[in-house]
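Below is one structure, written out as C-alpha coordinates; the observations come after it.
Fair warning: this is a prediction, and the values are worked out from it, not measured in the lab. Every number for a ligand or one of its atoms is a count from 1 in the order of the listing.
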Amino acid sequence: MSGTHTTTPVRIRVGSGAPGDPAGPDAYDVVVGHDLLGELPGLLPGARRVLVVCSAGRPAAGEQVLARLADAGFAVHLAAVPDAEDAKTAQVAASCWALLGQAGFTRSDAVVGVGGGAVTDLAGFVAATWLRGVRVVQLPTTLLAMVDAAVGGKTGINTAEGKNLVGSFHPPVGVLADLVTLATLPRRDLVAGLAEVTKAGFIADPRILELVEGDTAAATAWDSAVLRELVERAIAVKARVVTEDLKESSLREILNYGHTFAHAVEQVEHYRWRHGDAVSVGMIYAAELGRLAGITPAGLVERHRAVAASLGQPVTYPAGRWDDLLAALRRDKKTRGDLLRFVVLADVGRPVRLEGPDPELLVEAYRRVSD
Ligand SMILES: NC(=O)c1ccc[n+]([C@@H]2O[C@H](COP(=O)([O-])OP(=O)(O)OC[C@H]3O[C@@H](n4cnc5c(N)ncnc54)[C@H](O)[C@@H]3O)[C@@H](O)[C@H]2O)c1
(Lines give C-alpha, C1' and ligand atoms only; values in the text may rest on other atoms or scores of the structure.)
Protein backbone atom coordinates (compact mmCIF):
# COMPACT_ATOMS: atom_id res chain seq x y z
CA MET A 1 0.00 0.00 0.00
CA SER A 2 1.36 3.44 -0.78
CA GLY A 3 0.03 6.90 -0.08
CA THR A 4 1.30 7.05 3.47
CA HIS A 5 3.79 9.82 2.65
CA THR A 6 1.70 12.71 3.85
CA THR A 7 1.17 11.39 7.38
CA THR A 8 2.47 13.35 10.32
CA PRO A 9 5.82 12.24 11.73
CA VAL A 10 5.75 10.33 15.00
CA ARG A 11 8.23 11.28 17.74
CA ILE A 12 9.51 8.69 20.17
CA ARG A 13 11.42 10.03 23.15
CA VAL A 14 14.54 8.20 24.33
CA GLY A 15 15.95 9.11 27.74
CA SER A 16 14.31 11.20 30.40
CA GLY A 17 13.68 14.93 30.48
CA ALA A 18 13.26 17.37 27.64
CA PRO A 19 16.05 17.67 25.07
CA GLY A 20 18.53 20.21 26.40
CA ASP A 21 17.12 19.86 29.92
CA PRO A 22 19.97 19.43 32.40
CA ALA A 23 17.86 16.85 34.24
CA GLY A 24 17.83 14.69 31.16
CA PRO A 25 20.85 15.63 29.06
CA ASP A 26 20.74 12.39 27.10
CA ALA A 27 17.13 12.72 25.99
CA TYR A 28 16.40 12.86 22.29
CA ASP A 29 13.62 12.09 19.84
CA VAL A 30 13.56 9.41 17.20
CA VAL A 31 11.32 10.81 14.47
CA VAL A 32 9.62 8.29 12.19
CA GLY A 33 7.98 9.52 8.99
CA HIS A 34 8.55 10.54 5.39
CA ASP A 35 10.77 13.28 3.93
CA LEU A 36 12.19 14.36 7.26
CA LEU A 37 15.31 16.25 6.12
CA GLY A 38 13.65 19.57 6.92
CA GLU A 39 13.94 18.64 10.60
CA LEU A 40 17.73 18.34 10.50
CA PRO A 41 18.91 21.95 10.83
CA GLY A 42 16.74 22.49 13.89
CA LEU A 43 18.53 19.66 15.69
CA LEU A 44 21.85 21.48 15.56
CA PRO A 45 21.41 24.89 17.18
CA GLY A 46 24.69 26.77 17.58
CA ALA A 47 26.69 24.49 15.27
CA ARG A 48 28.64 26.16 12.46
CA ARG A 49 30.37 23.15 10.91
CA VAL A 50 28.82 19.76 10.17
CA LEU A 51 30.59 16.62 8.98
CA VAL A 52 28.27 14.33 7.03
CA VAL A 53 29.44 10.71 7.12
CA CYS A 54 28.00 8.49 4.42
CA SER A 55 28.93 5.51 2.31
CA ALA A 56 31.00 6.32 -0.81
CA GLY A 57 28.93 3.74 -2.66
CA ARG A 58 25.68 5.64 -2.04
CA PRO A 59 26.68 9.28 -2.64
CA ALA A 60 23.17 10.54 -3.38
CA ALA A 61 22.06 10.01 0.21
CA GLY A 62 24.89 12.15 1.57
CA GLU A 63 24.61 14.83 -1.10
CA GLN A 64 20.96 15.50 -0.31
CA VAL A 65 21.85 15.98 3.34
CA LEU A 66 24.81 18.22 2.50
CA ALA A 67 22.64 20.39 0.28
CA ARG A 68 19.97 20.78 2.94
CA LEU A 69 22.53 21.75 5.59
CA ALA A 70 24.36 24.14 3.23
CA ASP A 71 21.03 25.84 2.44
CA ALA A 72 20.50 26.29 6.16
CA GLY A 73 23.86 28.11 6.41
CA PHE A 74 26.14 25.42 7.89
CA ALA A 75 29.70 24.94 6.63
CA VAL A 76 29.43 21.36 5.40
CA HIS A 77 32.08 18.68 4.97
CA LEU A 78 31.71 15.17 3.58
CA ALA A 79 33.34 11.96 4.77
CA ALA A 80 32.57 9.38 2.07
CA VAL A 81 33.58 6.12 3.72
CA PRO A 82 33.93 2.51 2.50
CA ASP A 83 30.78 0.40 2.42
CA ALA A 84 29.33 -1.68 5.24
CA GLU A 85 31.78 -3.18 7.78
CA ASP A 86 34.76 -1.72 5.89
CA ALA A 87 33.67 1.63 7.34
CA LYS A 88 34.08 0.46 10.93
CA THR A 89 37.86 0.56 11.21
CA ALA A 90 40.33 2.65 13.17
CA GLN A 91 41.82 3.85 9.86
CA VAL A 92 38.48 5.17 8.61
CA ALA A 93 37.78 6.79 11.99
CA ALA A 94 41.22 8.44 11.79
CA SER A 95 40.44 9.76 8.31
CA CYS A 96 37.28 11.37 9.75
CA TRP A 97 39.27 12.88 12.66
CA ALA A 98 41.68 14.31 10.06
CA LEU A 99 38.77 15.99 8.25
CA LEU A 100 37.45 17.40 11.51
CA GLY A 101 40.88 18.70 12.49
CA GLN A 102 41.61 20.27 9.12
CA ALA A 103 38.23 22.01 9.07
CA GLY A 104 38.68 23.29 12.64
CA PHE A 105 35.68 21.54 14.21
CA THR A 106 35.01 22.81 17.74
CA ARG A 107 32.93 21.41 20.60
CA SER A 108 29.80 23.15 19.33
CA ASP A 109 30.05 21.62 15.84
CA ALA A 110 28.45 18.32 14.86
CA VAL A 111 28.51 15.06 12.92
CA VAL A 112 25.65 13.54 10.93
CA GLY A 113 25.62 9.83 10.05
CA VAL A 114 23.65 8.84 6.93
CA GLY A 115 23.45 5.14 6.16
CA GLY A 116 23.09 1.67 7.55
CA GLY A 117 24.19 0.59 10.99
CA ALA A 118 27.83 0.45 9.96
CA VAL A 119 27.85 4.15 9.07
CA THR A 120 25.80 5.22 12.09
CA ASP A 121 28.12 3.21 14.39
CA LEU A 122 31.18 4.87 12.83
CA ALA A 123 29.68 8.38 12.80
CA GLY A 124 28.63 7.99 16.43
CA PHE A 125 32.10 6.80 17.38
CA VAL A 126 33.79 9.69 15.57
CA ALA A 127 31.45 12.15 17.30
CA ALA A 128 31.99 10.48 20.68
CA THR A 129 35.76 10.77 20.42
CA TRP A 130 36.29 14.15 18.72
CA LEU A 131 37.15 16.66 21.49
CA ARG A 132 35.74 14.03 23.91
CA GLY A 133 32.32 14.29 22.36
CA VAL A 134 30.44 16.47 19.88
CA ARG A 135 26.81 16.20 18.85
CA VAL A 136 25.72 13.54 16.40
CA VAL A 137 22.44 13.22 14.48
CA GLN A 138 21.69 9.82 12.97
CA LEU A 139 19.85 9.40 9.67
CA PRO A 140 19.48 5.61 9.39
CA THR A 141 18.70 4.26 5.90
CA THR A 142 18.30 0.53 6.61
CA LEU A 143 15.51 -1.02 8.62
CA LEU A 144 18.05 -2.51 11.02
CA ALA A 145 19.66 0.86 11.64
CA MET A 146 16.25 2.53 12.17
CA VAL A 147 14.99 0.10 14.76
CA ASP A 148 18.29 -0.81 16.38
CA ALA A 149 21.74 0.56 15.49
CA ALA A 150 20.88 4.26 15.40
CA VAL A 151 18.81 4.16 18.59
CA GLY A 152 20.31 3.77 22.04
CA GLY A 153 23.67 5.50 21.84
CA LYS A 154 25.99 2.53 21.36
CA THR A 155 28.74 3.42 18.90
CA GLY A 156 31.77 1.48 17.80
CA ILE A 157 34.28 0.13 15.36
CA ASN A 158 35.86 -3.29 14.78
CA THR A 159 39.44 -4.40 15.30
CA ALA A 160 41.36 -7.30 13.79
CA GLU A 161 40.38 -9.28 16.90
CA GLY A 162 36.66 -8.86 16.53
CA LYS A 163 33.54 -6.80 15.92
CA ASN A 164 32.51 -3.80 18.02
CA LEU A 165 35.41 -4.25 20.44
CA VAL A 166 36.16 -0.53 20.56
CA GLY A 167 33.40 1.95 21.19
CA SER A 168 31.53 4.14 23.56
CA PHE A 169 28.05 5.10 24.70
CA HIS A 170 27.28 8.41 23.02
CA PRO A 171 23.58 9.17 22.55
CA PRO A 172 22.66 11.18 19.45
CA VAL A 173 20.84 14.51 19.76
CA GLY A 174 18.26 13.21 17.32
CA VAL A 175 17.43 10.36 14.97
CA LEU A 176 15.45 10.86 11.76
CA ALA A 177 14.08 7.53 10.55
CA ASP A 178 12.90 8.54 7.08
CA LEU A 179 10.93 5.63 5.66
CA VAL A 180 11.37 6.94 2.11
CA THR A 181 15.03 5.88 2.27
CA LEU A 182 13.87 2.24 2.49
CA ALA A 183 12.59 2.39 -1.11
CA THR A 184 16.01 1.34 -2.43
CA LEU A 185 16.83 -1.19 0.27
CA PRO A 186 17.11 -4.73 -1.16
CA ARG A 187 14.33 -7.01 0.05
CA ARG A 188 16.86 -9.37 1.68
CA ASP A 189 18.04 -6.51 3.89
CA LEU A 190 14.49 -5.43 4.73
CA VAL A 191 13.58 -8.99 5.71
CA ALA A 192 16.75 -9.33 7.80
CA GLY A 193 15.97 -6.04 9.58
CA LEU A 194 12.53 -7.38 10.44
CA ALA A 195 14.19 -9.89 12.75
CA GLU A 196 14.97 -7.04 15.15
CA VAL A 197 11.36 -5.91 14.80
CA THR A 198 9.90 -9.32 15.64
CA LYS A 199 12.44 -9.58 18.48
CA ALA A 200 10.89 -6.43 19.95
CA GLY A 201 7.53 -8.17 19.55
CA PHE A 202 8.60 -11.35 21.32
CA ILE A 203 10.26 -9.57 24.24
CA ALA A 204 7.80 -6.74 24.79
CA ASP A 205 5.03 -6.01 22.27
CA PRO A 206 2.59 -8.75 21.18
CA ARG A 207 0.91 -6.34 18.73
CA ILE A 208 4.05 -6.47 16.56
CA LEU A 209 3.61 -10.21 16.16
CA GLU A 210 -0.09 -9.84 15.38
CA LEU A 211 0.68 -7.24 12.70
CA VAL A 212 3.23 -9.52 11.03
CA GLU A 213 1.00 -12.56 11.27
CA GLY A 214 -1.99 -10.57 9.99
CA ASP A 215 -0.38 -9.30 6.77
CA THR A 216 3.06 -10.61 5.92
CA ALA A 217 3.05 -8.95 2.50
CA ALA A 218 2.45 -5.52 4.03
CA ALA A 219 5.06 -6.17 6.72
CA THR A 220 7.68 -6.57 3.99
CA ALA A 221 6.59 -3.60 1.85
CA TRP A 222 8.67 -0.49 2.52
CA ASP A 223 5.78 1.91 1.87
CA SER A 224 3.02 0.15 3.81
CA ALA A 225 1.28 1.56 6.85
CA VAL A 226 1.92 -1.80 8.53
CA LEU A 227 5.70 -1.48 8.16
CA ARG A 228 5.53 2.05 9.46
CA GLU A 229 3.66 0.89 12.57
CA LEU A 230 6.13 -1.96 13.01
CA VAL A 231 9.04 0.49 12.87
CA GLU A 232 7.38 2.80 15.39
CA ARG A 233 6.58 -0.03 17.76
CA ALA A 234 10.03 -1.61 17.56
CA ILE A 235 11.69 1.75 18.22
CA ALA A 236 9.29 2.36 21.12
CA VAL A 237 10.36 -0.95 22.70
CA LYS A 238 14.05 -0.11 22.37
CA ALA A 239 13.43 3.44 23.59
CA ARG A 240 11.66 2.19 26.71
CA VAL A 241 14.41 -0.25 27.53
CA VAL A 242 17.36 2.06 26.97
CA THR A 243 15.65 4.92 28.78
CA GLU A 244 15.55 2.76 31.88
CA ASP A 245 18.97 1.24 31.40
CA LEU A 246 21.33 3.50 29.47
CA LYS A 247 24.50 1.48 30.03
CA GLU A 248 23.44 -2.14 29.56
CA SER A 249 23.47 -3.41 33.11
CA SER A 250 20.49 -5.68 33.30
CA LEU A 251 17.22 -4.59 31.69
CA ARG A 252 19.00 -3.78 28.44
CA GLU A 253 20.05 -7.40 28.28
CA ILE A 254 16.58 -8.34 27.05
CA LEU A 255 17.43 -6.61 23.76
CA ASN A 256 19.98 -9.38 23.29
CA TYR A 257 17.21 -11.94 22.89
CA GLY A 258 18.40 -14.38 20.21
CA HIS A 259 21.76 -12.63 20.03
CA THR A 260 23.94 -15.04 22.01
CA PHE A 261 23.53 -17.76 19.40
CA ALA A 262 23.36 -15.17 16.58
CA HIS A 263 26.77 -13.73 17.47
CA ALA A 264 28.23 -17.23 17.44
CA VAL A 265 26.73 -17.89 13.99
CA GLU A 266 28.10 -14.58 12.70
CA GLN A 267 31.58 -15.44 13.97
CA VAL A 268 31.55 -18.95 12.55
CA GLU A 269 30.29 -17.58 9.22
CA HIS A 270 32.92 -14.79 9.24
CA TYR A 271 30.13 -12.23 9.07
CA ARG A 272 28.88 -13.43 5.69
CA TRP A 273 25.46 -14.00 7.30
CA ARG A 274 23.35 -10.88 7.71
CA HIS A 275 22.96 -9.92 11.36
CA GLY A 276 19.17 -10.12 11.16
CA ASP A 277 19.28 -13.59 9.59
CA ALA A 278 21.50 -14.78 12.44
CA VAL A 279 19.11 -13.19 14.96
CA SER A 280 16.20 -15.00 13.34
CA VAL A 281 17.78 -18.43 13.90
CA GLY A 282 19.15 -17.23 17.24
CA MET A 283 15.64 -16.49 18.52
CA ILE A 284 14.46 -19.96 17.50
CA TYR A 285 17.52 -21.40 19.28
CA ALA A 286 16.69 -19.39 22.42
CA ALA A 287 13.09 -20.55 22.23
CA GLU A 288 14.17 -24.21 21.94
CA LEU A 289 16.63 -23.75 24.80
CA GLY A 290 13.90 -22.15 26.89
CA ARG A 291 11.59 -25.06 26.16
CA LEU A 292 14.30 -27.58 27.13
CA ALA A 293 14.89 -25.65 30.36
CA GLY A 294 11.17 -25.88 31.14
CA ILE A 295 10.57 -22.13 30.73
CA THR A 296 9.22 -21.53 27.22
CA PRO A 297 5.87 -23.06 26.20
CA ALA A 298 6.01 -25.34 23.13
CA GLY A 299 3.43 -23.24 21.29
CA LEU A 300 5.63 -20.18 21.57
CA VAL A 301 8.57 -22.05 20.04
CA GLU A 302 6.43 -22.95 17.05
CA ARG A 303 5.20 -19.35 16.80
CA HIS A 304 8.83 -18.24 16.40
CA ARG A 305 9.27 -20.67 13.50
CA ALA A 306 5.99 -19.66 11.86
CA VAL A 307 6.70 -15.92 12.06
CA ALA A 308 10.23 -16.28 10.69
CA ALA A 309 9.17 -18.66 7.91
CA SER A 310 6.31 -16.39 6.83
CA LEU A 311 8.75 -13.50 6.42
CA GLY A 312 11.25 -15.61 4.50
CA GLN A 313 13.82 -15.49 7.30
CA PRO A 314 16.09 -18.47 7.95
CA VAL A 315 14.77 -20.94 10.52
CA THR A 316 17.69 -23.39 10.54
CA TYR A 317 21.47 -23.37 10.65
CA PRO A 318 23.64 -26.15 9.14
CA ALA A 319 24.42 -29.18 11.32
CA GLY A 320 27.95 -30.29 12.17
CA ARG A 321 29.30 -26.96 13.44
CA TRP A 322 28.75 -27.31 17.17
CA ASP A 323 32.39 -27.23 18.23
CA ASP A 324 32.96 -23.97 16.37
CA LEU A 325 29.70 -22.51 17.66
CA LEU A 326 30.50 -23.41 21.26
CA ALA A 327 33.98 -21.87 20.98
CA ALA A 328 32.37 -18.70 19.60
CA LEU A 329 29.72 -18.67 22.34
CA ARG A 330 32.48 -18.78 24.95
CA ARG A 331 34.28 -15.84 23.33
CA ASP A 332 31.16 -13.63 23.26
CA LYS A 333 31.83 -10.39 25.07
CA LYS A 334 28.53 -10.64 26.91
CA THR A 335 29.68 -13.82 28.64
CA ARG A 336 30.49 -12.99 32.25
CA GLY A 337 33.05 -15.18 33.93
CA ASP A 338 32.69 -18.69 32.53
CA LEU A 339 28.91 -18.70 32.48
CA LEU A 340 27.06 -18.57 29.18
CA ARG A 341 24.09 -16.23 29.45
CA PHE A 342 20.90 -16.40 27.43
CA VAL A 343 17.63 -14.54 27.44
CA VAL A 344 14.66 -16.89 27.13
CA LEU A 345 10.93 -16.26 27.21
CA ALA A 346 8.41 -17.51 29.76
CA ASP A 347 5.81 -16.02 27.39
CA VAL A 348 5.55 -13.19 24.88
CA GLY A 349 6.71 -10.09 26.74
CA ARG A 350 8.13 -12.11 29.65
CA PRO A 351 11.90 -12.40 29.18
CA VAL A 352 13.91 -14.34 31.75
CA ARG A 353 17.67 -14.69 32.14
CA LEU A 354 19.08 -18.21 31.79
CA GLU A 355 22.61 -18.43 33.12
CA GLY A 356 24.96 -21.38 32.69
CA PRO A 357 22.44 -23.83 31.19
CA ASP A 358 23.32 -27.52 31.19
CA PRO A 359 25.69 -28.15 28.23
CA GLU A 360 23.48 -31.02 27.07
CA LEU A 361 20.59 -28.60 26.62
CA LEU A 362 22.80 -26.33 24.53
CA VAL A 363 23.66 -29.16 22.15
CA GLU A 364 20.09 -30.42 21.99
CA ALA A 365 18.77 -26.92 21.17
CA TYR A 366 21.34 -26.79 18.35
CA ARG A 367 20.16 -30.17 17.07
CA ARG A 368 16.62 -28.79 16.95
CA VAL A 369 17.55 -25.73 14.87
CA SER A 370 20.01 -27.46 12.56
CA ASP A 371 19.17 -28.96 9.22
N1 LIG B 1 25.02 0.43 17.82
C2 LIG B 1 24.13 -0.52 17.97
O3 LIG B 1 23.40 -0.57 18.96
C4 LIG B 1 23.97 -1.54 16.88
C5 LIG B 1 22.89 -2.42 16.92
C6 LIG B 1 22.74 -3.32 15.88
C7 LIG B 1 23.64 -3.35 14.83
N8 LIG B 1 24.70 -2.49 14.85
C9 LIG B 1 25.68 -2.49 13.75
O10 LIG B 1 25.00 -2.19 12.54
C11 LIG B 1 25.72 -2.76 11.46
C12 LIG B 1 24.75 -3.45 10.52
O13 LIG B 1 23.85 -2.49 10.04
P14 LIG B 1 23.04 -2.73 8.67
O15 LIG B 1 22.33 -4.00 8.73
O16 LIG B 1 22.28 -1.48 8.44
O17 LIG B 1 24.19 -2.96 7.60
P18 LIG B 1 25.14 -1.96 6.79
O19 LIG B 1 25.28 -0.66 7.44
O20 LIG B 1 26.36 -2.75 6.50
O21 LIG B 1 24.30 -1.75 5.46
C22 LIG B 1 24.00 -2.86 4.63
C23 LIG B 1 24.15 -2.48 3.17
O24 LIG B 1 23.04 -1.70 2.77
C25 LIG B 1 23.48 -0.54 2.06
N26 LIG B 1 22.44 0.46 2.27
C27 LIG B 1 22.22 1.25 3.34
N28 LIG B 1 21.10 1.93 3.19
C29 LIG B 1 20.58 1.58 1.99
C30 LIG B 1 19.42 1.96 1.27
N31 LIG B 1 18.52 2.81 1.79
N32 LIG B 1 19.22 1.43 0.05
C33 LIG B 1 20.10 0.54 -0.47
N34 LIG B 1 21.21 0.13 0.16
C35 LIG B 1 21.43 0.65 1.38
C36 LIG B 1 24.79 -0.24 2.69
O37 LIG B 1 25.57 0.58 1.83
C38 LIG B 1 25.37 -1.63 2.87
O39 LIG B 1 25.96 -2.10 1.69
C40 LIG B 1 26.73 -3.70 12.06
O41 LIG B 1 28.01 -3.10 11.98
C42 LIG B 1 26.31 -3.82 13.52
O43 LIG B 1 27.39 -4.05 14.38
C44 LIG B 1 24.87 -1.59 15.85
Side-chain angles (χ1 to χ4, degrees), residues 14 30 34 53-62 64-65 80-89 92-93 113-128 136 138-159 162-172 175-197 199-200 222-223 231 234-235 238-239 241-242 245-248 252-253 255-259 262-263 266-267 271-280 282 332-334:
V14 186
V30 181
H34 298 90
V53 182
C54 81
S55 170
R58 305 188 55 252
Q64 259 190 321
V65 178
V81 300
D83 194 43
E85 291 305 301
D86 290 344
K88 288 177 57 172
T89 68
V92 175
V114 189
V119 167
T120 58
D121 271 11
L122 170 75
F125 179 69
V126 168
V136 63
Q138 302 288 19
L139 273 52
T141 63
T142 64
L143 181 58
L144 184 103
M146 286 181 188
V147 300
D148 196 2
V151 180
K154 280 209 260 173
T155 76
I157 57 172
N158 308 325
T159 75
K163 247 174 80 76
N164 298 325
L165 291 178
V166 175
S168 118
F169 283 94
H170 185 66
V175 179
L176 302 178
D178 192 333
L179 298 163
V180 174
T181 64
L182 297 180
T184 54
L185 190 68
R187 185 180 170 84
R188 285 299 319 151
D189 290 299
L190 190 83
V191 166
L194 279 168
E196 293 290 355
V197 173
K199 178 201 75 180
W222 72 269
D223 57 350
V231 170
I235 292 171
K238 183 154 188 189
V241 173
V242 302
D245 182 1
L246 274 175
K247 296 253 164 114
E248 192 155 342
R252 198 162 169 155
E253 242 181 82
L255 297 171
N256 289 328
Y257 182 57
H259 282 56
H263 287 149
E266 288 182 289
Q267 280 189 44
Y271 298 95
R272 286 183 301 253
W273 266 53
R274 284 177 176 78
H275 177 67
D277 288 349
V279 169
S280 169
D332 194 294
K333 68 179 187 288
K334 303 221 165 54

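The CD atom of Glu196 lies 10.5 Å from the OG atom of Ser280; values are rounded to the nearest 0.5 Å.
Residues that satisfy the side-chain hydrogen bond (donor to acceptor under 3.5 Å, both in side chains) test with Gln64, not counting sequence neighbours, are absent from this structure. Partners of Asp189 according to the salt bridge (Lys or Arg N to Asp or Glu O under 4.0 Å) rule, which considers only residues two or more places apart in sequence or in another chain, are Arg274. Here Arg187 pairs with nothing under the salt bridge (Lys or Arg N to Asp or Glu O under 4.0 Å) rule; sequence neighbours left out.
Among the candidates Glu85, Glu266, His263, the single residue satisfying the side-chain hydrogen bond (donor to acceptor under 3.5 Å, both in side chains) test with Lys163 is Glu85.
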Run Met146 and Val30 through side chain to side chain contact (heavy atoms under 4.5 Å, CB included) and show every step you take. CA-CA 9 Å; Met146 286 181 188; Val30 181; over 6 Å; no

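For ligand 1, the 4.0 Å heavy-atom shell contains residues Arg58, Asp83, Ala84, Glu85, Lys88, Gly116, Gly117, Ala118, Asp121, Thr141, Thr142, Leu144, Asp148, Ala149, Lys154, Lys163, Asn164, Thr181, Thr184, Leu185, Pro186, Lys238.
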